[in-house]
Every structure is written in C-alpha cells, then in structure tokens.
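Contents: one structure, followed by commentary.
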2 protein chains.
Amino acid sequence: MIESHKLNLGQNHILDSLSAAEYQRLSPHLELVVLPLGEIIYEPGDELRYAYFPTTCIVSMLYVMESGAPAEIAMVGNDGIIGVSLFMGGGTMPNRAVVRSVGYAYRLRAQLLLQEFNRAGGVRNGTLHDMLLRYTQGLITQIAQTSVCNRHHFLDQQLCRWLLLSLDLLTSNELIITQELIANMLGVRREGITEAVGKLQKAGLLECRRGRITVLDRPGLEERVCECYQVVKTEFDRLHLTSRYTPSTSYMPLHSGGLVRNESLSSRQAQMKQG
Amino acid sequence: MIESHKLNLGQNHILDSLSAAEYQRLSPHLELVVLPLGEIIYEPGDELRYAYFPTTCIVSMLYVMESGAPAEIAMVGNDGIIGVSLFMGGGTMPNRAVVRSVGYAYRLRAQLLLQEFNRAGGVRNGTLHDMLLRYTQGLITQIAQTSVCNRHHFLDQQLCRWLLLSLDLLTSNELIITQELIANMLGVRREGITEAVGKLQKAGLLECRRGRITVLDRPGLEERVCECYQVVKTEFDRLHLTSRYTPSTSYMPLHSGGLVRNESLSSRQAQMKQG
DNA sequence: GACTTTATGTGCGCTACCGTACCGACTGCG
DNA sequence: CGCAGTCGGTACGGTAGCGCACATAAAGTC
C-alpha cells in the first residue's frame with residue numbers, strides 16, 4: 001500500500017485504511033467540509049445524501065425521546081463514519097446525529113460509498129467493505145457499553161468515561177462544551193454534571209471555564225473511570241479501529257482468549273464491598 | 001421465489017427470507033438443535049464454530065461486569081441470528097450469549113455462513129448478505145433503545161418492554177423464567193422485579209407461579225410500556241425483520257418521513273407533568 | 001411425610017440522583 | 001461601559017431503587 005496518497009486525507013482512520021486502488025477511485029469525490037457545533041447531520045428517518053468521515057470533529061448519535069429529552073447512543077470521531085445505515089441497508093436510523101465538537105470531516109456521496117461497498121472482490125480483507133463492517137461492530141460494543149454504564153455506574157464514573165472517550169477523538173486536552181450539553185449526552189441533570197465536574201476539579205484533574213473543560217490529569221481520570229471505557233477501547237484496538245494499528249491487506253486474524261465466568265453479584269454491591 | 005422449500009426450515013425469519021438458490025446451497029448444512037435453558041452459546045472472546053438461527057428459543061446477549069453482575073444488551077429469537085461477529089469481521093464479541101428460553105435453533109458452520117455471506121453477487125437485494133446486515137442494523141436499534149430505557153424509564157415500564165419483546169419471540173403467552181433472572185437481565189434487584197410484577201398482577205395483566213409468568217392482558221402491558229418498545233418494533237418492521245413482511249428479491253425500498261425536532265426536556269420532568 | 005432447595009414476598013433504612021428555585025459570574029454585544 | 005443572555009454553583013426536599021435481613025411458600029428428593 002502506498003503511504004503517500006494519504007497525506008491530504010487528514011486523519012480519518014477508515015479513510016487511512018483504504019487500499020491504493022480504493023483510494024484512487026474515491027479520493028476525487030471526497031470533499032473536506034467544516035461541521036459547525038450543533039449542526040444536525042440527520043434526523044430520525046432522514047435519508048442521507050452523504051456519508052461523513054470525521055477527522056477533527058465529533059458527532060453524537062442521540063436518540064430524542066418523545067419528551068424531547070436527548071440521550072447519547074454513541075460518539076463518532078476520526079475513528080468512524082456517520083451514515084452506517086447506508087451500507088447496513090436500512091437507509092435511515094431512528095436517531096439524530098449532531099455535531100458536538102467543531103471540526104472537519106470528509107464527505108462522500110451516498111451512492112459512491114454504496115458502490116464501493118458493494119464492489120465484488122474476491123478477497124475481502126482490507127477493503128472498505130470489511131473496514132466499515134468492522135467499525136460497525138465496534139459501534140455496537142460502544143452502544144452496548146453505554147447501556148451497561150447507564151445502568152450500573154455512578155455519574156462520576158460515567159462522566160470520566162465520557163471525557164476519556166471524547167479526549168481520544170481530539171488532539172488537544174480541551175473540550176469545548178457546556179455542562180448542560182454534557183448532561184444531555186449522559187441523560188442526567190445539568191446540576192449533576194456540575195457536581196461531578198466539581199469533584200474532579202477539586203481533585204486537580206480538570207480545570208474549567210465557561211463552556212470549556214481542560215483535562216489536566218488524564219491518568220487521574222483513568223483511575224476513576226469504570227471498566228466500560230477500557231472495554232470499548234480494548235475492543236476498538238482489537239478490531240483495528242484505532243490509529244495505533246494500521247491494517248493492511250493482510251492483517252492479523254482477529255481472535256482472543258477466553259474469559260472466566262464469575263459469580264452473580266450486583267455491581268453496586270461489589271463497589272460497596274471495595275469501598 | 002419458491003415457497004415450498006421453507007416448510008422444514010421452521011420459523012426463523014432470516015432463513016425464511018433466503019432465495020431459492022441460497023436455500024439450496026445452505027439447507028443441507030442446517031442442523032436443527034435444541035438449546036436448553038442456561039446454555040452458553042459463547043463467552044466473551046470465544047470464536048464461534050457455528051452461527052445459530054433460533055426458531056423457538058430465545059437467546060440473550062449480555063455483558064458480564066467485572067463484579068460478575070450481568071446485564072442484557074439484546075435478545076435474539078426467531079427474528080435473528082447469534083453470531084453477528086462472524087460476518088461483521090470481529091470474530092468475537094466482548095459479551096456472552098446465553099439461552100434464556102428453551103427451544104430449537106438451526107445451526108450452520110461458521111465457515112459456510114461466511115462463504116455465503118461473501119458470495120459475490122451483482123444484485124444484493126434479498127440476499128443473505130443483505131438480510132444479515134439489515135438484521136444487524138435492527139440489533140443496533142434494539143441495543144440503543146435498551147440504553148435509553150435504562151437511563152430514563154421506570155422499572156415498571158422497563159419490565160413491560162422486556163415482557164412484550166419476549167412475547168414477540170414466543171408462540172405462547174407464557175414465559176418460563178424466574179424473577180431473579182429477569183432482574184439479572186434488566187440489571188436491577190430481584191426484589192424490584194417482585195414489586196413490579198406484583199403491580200402488574202394486581203392490575204390483572206399477569207398471573208405468575210414459581211418460575212413462570214403468564215400474560216393475561218397484552219394490551220394492558222402495551223398501555224403501560226414506555227415508547228422504547230414501539231421504537232424497536234417499528235424499526236424492525238421497517239427493516240422487514242418481522243414475520244409480518246416477507247421480503248422478496250425485489251422488496252420495497254426502505255425510507256420514511258421525517259420527524260419533528262422537540263424542545264429539550266427531561267423525560268422524568270415530562271412524566272411528572274403528565275401525571 | 002419429612003427434609004432440602006429454590007423462588008417469592010415484605011419491611012426498613014439508605015443514597016444517588018431528581019425537580020425546583022435562586023443567585024452569581026462570565027461573555028458578548030451595542 | 002452597561003446590559004442581556006447564558007452558564008455555572010448551591011441548596012433543599014423528594015423518591016426510585018438499593019443493600020440487607022427475614023419470613024413464607026412452592027417444588028423436588030428420599
């Protein structure tokens with residue numbers, strides 16, 4: 001695979017993993033666009049005209065309840081793509097995608113993405129088809145883990161998870177976002193975030209001004225975060241969805257060892273016993 | 001498409017949607033097996049030797065926390081397949097699949113599934129490839145909605161959702177399961193389930209004996225359930241994942257209308273204002 | 001029937017988070 | 001500068017669900 005062709009593609013991991021041939025076919029049609037904060041990429045039921053490959057922006061997929069209250073399902077950054085429903089076959093999704101951190105993204109006409117996705121090739125490893133499905137599997141894990149986290153972990157821990165996942169999609173250690181918005185993402189009260197942020201700030205892990213949170217001590221966050229963060233991160237690594245790995249046309253087969261079964265025990269209970 | 005070939009396939013919806021050609025290739029390798037309650041199909045990290053197409057059983061995908069406490073991510077019945085990671089490319093998943101309602105399933109060697117999935121065909125509509133991806137998109141919605149429900153709805157409503165989703169995968173109105181297990185699925189205390197079941201029972205919607213819940217008034221449950229149930233159900237219908245629709249090689253294109261944006265409002269708040 | 005095991009019902013104090021209200025402080029704009 | 005609008009901090013009572021400890025009851029075993 002030729003490396004030089006990637007120079008102007010920015011840092012979207014899916015695009016970076018394209019083969020030279022795929023790149024040649026797609027690159028003329030990739031448009032770099034700015035996605036401003038709050039921009040809605042799609043609403044529930046909207047058919048997408050473009051797929052988006054974020055490079056520096058972060059997009060949230062969120063379900064909007066009947067009451068109007070939103071809840072974040074997953075976040076997508078330079079590791080992924082907005083428009084999974086295009087190649088998964090549903091055409092639309094019952095959620096909203098909204099930009100929650102300004103930045104760039106490459107966009108590609110839906111039809112072209114689909115065409116490349118459906119391109120019949122003998123060996124699939126390393127193709128866009130493969131990469132997109134693998135990313136989608138990672139997305140499933142992220143969504144599932146959000147669900148688990150919602151149920152079982154304290155707000156402080158959830159906030160840590162959210163901050164760390166966000167940091168991983170950014171180049172700086174600064175999040176430009178209001179506490180109110182974070183509350184919306186996590187589906188909690190704004191005051192709850194204020195309190196949780198306050199704790200982290202007192203512990204010297206954060207510094208925050210209006211609409212801006214600066215992470216001072218990342219390891220500190222990692223100490224306080226629940227297991228959910230690491231589960232998602234590990235799975236993304238395993239699926240070669242992070243920039244740490246550069247999948248080639250002949251990457252390592254995906255497999256891992258087993259895991260021991262545990263006794264049934266509520267998580268809160270376990271946390272009590274630890275504390 | 002020939003209808004008669006489906007007679008002995010039972011009622012798995014994915015298998016039912018196979019084209020005649022696909023059926024001819026796969027049917028000799030489909031084995032009908034009994035999946036006993038509690039059977040673990042896979043553990044986190046396990047590579048699957050078979051994919052399973054449930055017909056009368058229900059399998060839960062659940063994440064097992066470090067503490068040992070499980071939490072249901074999604075449930076799979078005659079509408080789906082166990083072994084999504086096979087064709088999504090990850091090989092394994094960081095969760096456990098366990099049978100939570102005895103019954104039958106067809107199993108198919110992993111390699112054969114993959115072979116058929118990767119079969120290069122010009123037109124994709126109606127193929128196994130298509131159906132599997134569409135099912136996976138439905139799965140994503142189910143998982144996402146579970147997440148939302150975990151965060152925002154009362155236990156009573158969540159229980160209704162869980163009961164209704166389960167009923168949709170069964171032929172009878174009887175669930176053979178202990179309250180303890182339901183609690184594990186929903187990630188709550190056993191006593192919480194006892195209380196919620198008690199309410200529904202007093203309302204005359206249920207009847208329950210040891211390890212067995214009989215639903216007497218399904219419409220009653222539907223009145224009490226939160227929006228999450230309908231969202232999942234509607235999405236599955238739209239994706240032609242329910243037996244109501246019989247996708248052919250030229251099914252209707254998938255699209256739908258828009259949805260109005262709402263004011264931000266916490267769901268609890270909304271529920272308060274209604275009550 | 002006697003005994004064990006497992007499932008369900010109930011009560012009680014506790015706490016994380018909720019809803020509400022209000023106040024101060026920062027920021028952008030004229 | 002002054003003002004308006006937004007954002008963040010604090011306080012307070014309320015509650016859904018928690019952990020814990022038992023009591024009861026149904027099914028299985030011998």
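Order of the sequence lines fixes the chain letters, A, B, ..., with proteins taken first and strands second; residue numbering starts at 1 for each chain. Because the structure is predicted, anything quoted here is derived from the model rather than measured.
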OP1, OP2 of D/dT6 versus side-chain N and O of A/Gln179: anything below 4.0 Å?
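So the side chain of A/Gln179 is outside the cut-off, no N or O lying under 4.0 Å from OP1 or OP2 of D/dT6.
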Within this structure, what is the [atom1]-to-[atom2] distance between [X] and [N], rounded to whole angstrom?
X: B/Leu200; N: C/dT8; atom1: CG; atom2: C1'; answer: 16 Å
X: A/Ile176; N: D/dC7; atom1: CD1; atom2: P; answer: 13 Å
X: A/Arg212; N: C/dC26; atom1: CZ; atom2: P; answer: 14 Å
X: B/Glu207; N: C/dT8; atom1: CD; atom2: P; answer: 14 Å
X: B/Lys199; N: C/dG9; atom1: NZ; atom2: C1'; answer: 15 Å
X: B/Arg151; N: D/dG17; atom1: CZ; atom2: P; answer: 13 Å
X: A/Ile193; N: C/dA16; atom1: CD1; atom2: P; answer: 16 Å
X: A/Glu195; N: C/dG19; atom1: CD; atom2: P; answer: 15 Å

Cation-pi check, B/Arg107 onto B/Tyr50 ring (under 6.0 Å, within 45° of axis):
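Checked: cation-pi criterion met.
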Could you measure the distance from the OG atom of B/Ser166 to the CG atom of B/Leu175? Nearest 0.5 Å is fine.
5.5 Å
CZ-OH distance between A/Arg151 and B/Tyr63, expressed to the nearest 0.5 angstrom:
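Between A/Arg151 CZ and B/Tyr63 OH, I get 15.5 Å after rounding to 0.5 Å.
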Please determine, for the side chain of A/Arg189, which listed nucleotide (C/dC18, D/dA16, D/dG19) has the closest atom?
C/dC18
Quick check for you: among D/dG9, D/dG17, C/dC17, whose closest atom lies nearest to any side-chain atom of B/Phe154?
D/dG17
Less than 4.5 Å apart, side chain to side chain, heavy atoms only: is that true for A/Val98 and A/Val59?
no
Pick the closest DNA chain C nucleotide for B/Cys208 and for A/Leu155 by heavy atoms, then say which residue is nearer the 5' end.
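The residue mapped nearer the 5' terminus is B/Cys208.
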What are the two closest heavy atoms between B/Leu169 and B/Gly77, and how far apart are they?
CD1-N, 3.8 Å
With sequence neighbours excluded, give me every side-chain hydrogen bond (donor to acceptor under 3.5 Å, both in side chains) pair touching residues 71-85 of chain B.
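Residue pairs passing side-chain hydrogen bond (donor to acceptor under 3.5 Å, both in side chains), neighbours aside: B/Ser60-B/Glu72, B/Glu72-B/Arg100, B/Glu72-B/Trp162.
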Give me the bend of the helix from C/dG1-D/dC30 to C/dG30-D/dC1, using the axes of the five pairs at each end, rounded to 10°.
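Between the first-five-pair axis and the last-five-pair axis there is 30°.
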Closest nucleotide of DNA chain D for B/Val188 versus for A/Gln201: which of these residues is on the 5' side?
A/Gln201
Regarding A/Asp156 and A/Arg224, does a basic nitrogen lie under 4.0 Å from an acidic carboxylate oxygen?
no
So what does B/Gly192 hit on the nucleic acid, given a heavy-atom distance under 4.0 Å: a base, only sugar-phosphate, or nothing?
nothing
Sugar-phosphate only, base, or nothing, as touched by A/Val197 at under 4.0 Å among non-hydrogen atoms:
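No contact.
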Does any donor atom in the side chain of [X] or [Y] lie under 3.5 Å from an acceptor atom in the other side chain?
X: B/Tyr52; Y: B/Asn12; value: no
X: A/Arg212; Y: A/Thr178; value: no
X: A/Thr194; Y: A/Gln179; value: yes

With B for base contact, S for sugar-phosphate-only contact and - for none (protein heavy atoms under 4.0 Å), nucleotides 22-30 of chain D reads ---BBS---
